[in-house]
There are 2 protein chains.
Amino acid sequence: MDIEEGTPPQRLRALPSRLTNQAALVANRIVDRALAEAGARRYHYALLAASEEYGPSSQAALGRRTGIDRSDMVATVNDLAERRLLERAPDPEDRRRNIISITAAGRRELAHLDELLAAAQEDFLAPLGAADRRTLTDLLTRLVDHHRAEQGWTTPGPASRTG
Amino acid sequence: MDIEEGTPPQRLRALPSRLTNQAALVANRIVDRALAEAGARRYHYALLAASEEYGPSSQAALGRRTGIDRSDMVATVNDLAERRLLERAPDPEDRRRNIISITAAGRRELAHLDELLAAAQEDFLAPLGAADRRTLTDLLTRLVDHHRAEQGWTTPGPASRTG
DNA sequence: CCATATCGTTGGTTACGCCAACGTTGGCTC
DNA sequence: GAGCCAACGTTGGCGTAACCAACGATATGG
């Protein structure tokens, strides 16, 4: 009796927003477990990656790149600086800013996390072939870009931002 | 200067798990705002929908259907019962259980939420045509189903079947 | 009868994504 | 130079989703 009692209602199964959320749940669970092997979280990886790809930057700039809030950025930088994966130094040219730079150890850690993450992606996307994977990332990219434009648009002039 | 400072690092942009998460963020933001118009949250909709589609059921069964944890289910049922959208009654045949039934007002509320959600989906999927939407839901469904099978399957134990 | 398991419930925890406010600093305009 | 506004880092907080552990009460099956 009650076979397949775990089947969600039709309404939920057909809801793209929920489907997306469920997929994200799965993805995050897999990724979090992978990163946890190295004692890292998603924010850590994002920050290391941004730091490596864009070179020394202020916390605010890194926040804009990664989507991490300024307040959360503080804690994340604290974590990584304590572990000597990043360095935080005052900017002599603008004393409001901290300059964040990735260290050699940070690059090594990043490379390690890259490997863990690659395996996690493989896990996550297991049921899809190469073509399907490309299609999926394409569709998701279009969605995300569209909504980022719509919202990030109010970031125009020299003033009136973040406000 | 610093045009497009909001561009995420390549590593993050190419990461399917992150893409999925970003899309879910967008979807949830849109959906949450829509549901908030009716003073509802996602759990509320999920529970009403399950309650309507499967008829009177125990809290645990509804939890299995919706993926809502038993502990969270208590609070969600409380919310909806207070607003007379659900009824909670002890099961005379199994005194461990509560039987949850949707009320007439609950059905009306559900219909209302259905409309709000339909508009929200439209918003979320705006950049995609009908074919792309079908492709997306298909791919996401395959992903979610795959991982649900993988995880829900390993719950065999001595008593098998749901525990 | 006894072990096991399920049910509802209470009471946590984690991380993520946010927002508000503050003091400091920089730039711009008078 | 004075004043004004914006940006920066930081602190502190919020809400929610998604979990887990444990409990007493009840069913079930050996």
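Order of the sequence lines fixes the chain letters, A, B, ..., with proteins taken first and strands second; residue numbering starts at 1 for each chain.
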Worksheet item: Tell me, for nucleotides 17-26 of chain C in 5' to 3' order, what letter each nucleotide earns: B for a base near a protein heavy atom under 4.0 Å, S for only sugar-phosphate near one, - for neither?
Response: BBB-B--BBS
Practice prompt. For residues B:Leu128 and A:His146, determine if any side-chain heavy atom of one lies less than 4.5 Å from a side-chain heavy atom of the other.
Written response: no
Worksheet item: Is any side-chain nitrogen or oxygen of B:Gln59 closer than 4.0 Å to OP1 or OP2 of C:dT9?
Response: yes
Practice prompt. Could you check how far CG of B:Asp32 sits from P of C:dC16, rounded to whole Å?
Written response: 18 Å
Practice prompt. Any chance you could measure B:Glu53, atom CD, to A:Arg11, atom CZ, to the nearest 0.5 Å?
Written response: 5.0 Å
Worksheet item: Whole-Å distance between D:dA17 C1' and A:Asn28 CG?
Response: 11 Å
Practice prompt. Would you mind reading off the distance between A:Arg33 atom CZ and D:dA18 atom P, rounded to a whole angstrom?
Written response: 17 Å
Discussion item. How many whole angstroms separate atom CZ of A:Arg97 from atom C1' of C:dG27?
Written reply: 12 Å
Worksheet item: Atom CG of B:Leu86 and atom CG of B:Leu48: how far apart are they, to the nearest 0.5 Å?
Response: 5.5 Å
Practice prompt. For B:Asp79 and D:dT16, give me the distance from atom CG to atom C1', rounded to whole Å.
Written response: 13 Å
Practice prompt. Give the rounded distance in Å between these two atoms: CG of B:Asn78 and C1' of C:dT10.
Written response: 12 Å
Worksheet entry | Presence of salt bridge, A:Asp79 and A:Arg83, under 4.0 angstrom | no
Worksheet item: Can you find a heavy atom in the side chain of B:Gln59 that is under 4.5 Å from one in the side chain of B:Arg70?
Response: no
Worksheet item: Can you tell me how far P of C:dC16 sits from CG of B:Leu12, to the nearest Å?
Response: 13 Å
Fill in: Interatomic distance where CZ belongs to A:Arg41 and P belongs to C:dT14 [whole Å]
11 Å
Worksheet, complete the sentence: Closest heavy-atom pair, A:His147 versus B:Asp123, reported as atoms and distance to 0.1 Å, is CE1-O, 3.3 Å
